[in-house]
There are 2 protein chains.
Amino acid sequence: MNKKMKIYEMRANILKAMAHPSRLMMIDAMSKGGEVCVCDLVDLVGSDQSTVSKHLGILKQAGLVEDRKEGQKSFYRLTRPCVMDFFGCIERVMQENLKEQQKVLAER
Amino acid sequence: MNKKMKIYEMRANILKAMAHPSRLMMIDAMSKGGEVCVCDLVDLVGSDQSTVSKHLGILKQAGLVEDRKEGQKSFYRLTRPCVMDFFGCIERVMQENLKEQQKVLAER
DNA sequence: TGGTTACATGGTCATTTTACCATATAGCCA
DNA sequence: TGGCTATATGGTAAAATGACCATGTAACCA
């Protein structure tokens with residue numbers, strides 16, 4: 001495929017890595033806590049420990065997070081906190097969606 | 001689930017809608033052309049017309065695009081051009097990823 | 001009216017994603 | 001050393017995604 005397509009694939013990979021509720025929750029936690037251990041993320045999202053670990057692997061593979069081991073624990077943090085900036089825009093899309101649904105309900 | 005989880009699910013839906021190379025290509029085209037007809041998008045991405053139409057349905061369902069019919073054509077446009085702002089950050093993640101790979105290659 | 005163009009939708013199959021269980025690995029401590 | 005804690009990884013089954021073909025629908029035109 002052409003050069004452009006490669007870029008879109010790379011972008012898609014990163015977006016796909018973010019596009020899961022549990023992973024977004026973890027990203028949010030990291031953006032607030034700076035650095036979070038796996039154990040705390042397991043408590044936070046409430047899934048199996050292996051599931052959380054795999055989610056983190058996906059985020060790491062995409063380059064969205066880095067990890068650091070200390071004793072028996074692993075700590076994860078965002079590599080680019082700017083990813084959080086996007087959610088302002090996303091929230092506006094969500095608002096607009098709700099407004100649309102309201103309109104549909106109203107015009108019956 | 002709790003209230004927070006709902007928000008993450010909504011965010012994930014929007015991100016998932018964006019997380020596909022063809023859809024990112026179409027979003028890019030709309031951000032530049034303002035309004036694009038399905039026929040042009042079919043030429044652009046090179047997939048089957050039905051495939052492109054379904055991709056557009058996904059974007060619309062997420063609230064990322066709106067459509068307008070004129071004659072036999074449908075024109076799509078971004079509802080929130082701010083979605084483009086994210087790619088600066090994404091590109092920085094991509095740059096960082098490449099740098100990492102370089103390092104891995106170099107340190108052999 | 002009949003044919004053509006533009007788009008949407010239903011169906012199907014292959015691929016990917018996700019979750020959990022079981023298990024491996026590695027540090028810590030008694 | 002043996003057992004416990006924290007994390008990662010392999011396996012598997014269910015669900016979601018994506019691509020194409022076939023077909024439906026609506027506008028336009030000869």
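Because only heavy atoms are used, hydrogens play no part in the values below, and waters and symmetry mates are left out as well, while side chains stay in. From a predicted model like this one, the values you see are computed outputs, not experimental measurements. In what follows, chains are A, B, ... by sequence order, proteins preceding strands, each numbered from 1.
Shown for residues 23-36 of chain B: no residue has heavy atoms falling under 4.0 angstrom of DNA chain C.
Here the P atom of nucleotide C:dC7 and the CG atom of B:L56 are 10 Å apart, to the nearest Å. For the pair B:K60 NZ and C:dC7 C1', the computed distance is 12 Å after rounding to whole Å. Put simply, CD on B:Q61 is 13 Å from P on D:dG18, counting in whole angstrom units. One interatomic measurement links the two molecules: CD of A:E70 to P of D:dT7, which rounds to 11 Å at whole-angstrom precision. Spacing between atom CG of A:D43 and atom P of D:dT5 amounts to 14 Å, rounded to whole angstrom units. Nucleotide D:dG24 holds its C1' atom 12 Å from the CD atom of B:Q49, rounded to whole Å. In this entry the distance linking NZ of B:K54 with P of D:dA22 reads 14 Å, nearest Å. Here the P atom of nucleotide D:dT5 and the CZ atom of A:F75 are 17 Å apart, to the nearest Å.
At a cut-off of 3.5 angstrom, the base of D:dC20 holds no donor-acceptor pair with the side chain of B:S47.
Two residues, B:D67 and A:H20, neighbour DNA chain C, and the one matched to the more 5' nucleotide by heavy-atom proximity is B:D67. Summary of the strand contacts: B:S74 and A:A19 both lie near DNA chain C, and taking for each the nucleotide with the nearest heavy atom, the more 5' one is attributed to B:S74.
Under a hydrophobic clustering in which Ile, Leu, Val, Met, Phe, Trp and Tyr are joined whenever their side-chain heavy atoms come within less than 4.5 Å, directly or via other members, B:M94 and A:I58 fall into different clusters.
Counting non-hydrogen atoms of other residues, nucleotides and ligands closer than 6.0 Å to CD of A:Q95 gives a total of 12 or fewer.
Residue contacts for A:T51: at a heavy-atom cut-off of 4.0 Å it reaches a base atom on one of the strands shown. Within the nucleic acid shown, A:K16 comes within 4.0 Å of sugar-phosphate atoms alone, with no base atom in reach, counting heavy atoms only.
An OP1 or OP2 oxygen of C:dA8 is reached within less than 4.0 angstrom by a side-chain nitrogen or oxygen of B:Y76. Within the 4.0 Å cut-off from OP1 or OP2 of C:dT17, not a single side-chain nitrogen or oxygen of A:H55 is found.
The minimum heavy-atom distance linking A:L78 with A:P81 is given by the pair CD1-CA, 4.1 Å. Taking all atoms of both residues into account, the shortest heavy-atom contact from B:A17 to B:L64 is CB-CD1, 3.9 Å.
Using a 4.5 Å heavy-atom threshold, the side chains of A:E96 and B:T79 count as separate. Between B:R11 and A:M18, every side-chain heavy-atom pair lies at or beyond the 4.5 Å cut-off.
Taking the six-membered ring where tryptophan is involved, the planes of B:F86 and A:F86 are essentially parallel, since the angle between them stays under 30° and well short of 60°.
The side chain of A:Q72 lies closest to C:dC28, out of C:dT18, C:dC28, D:dA8.
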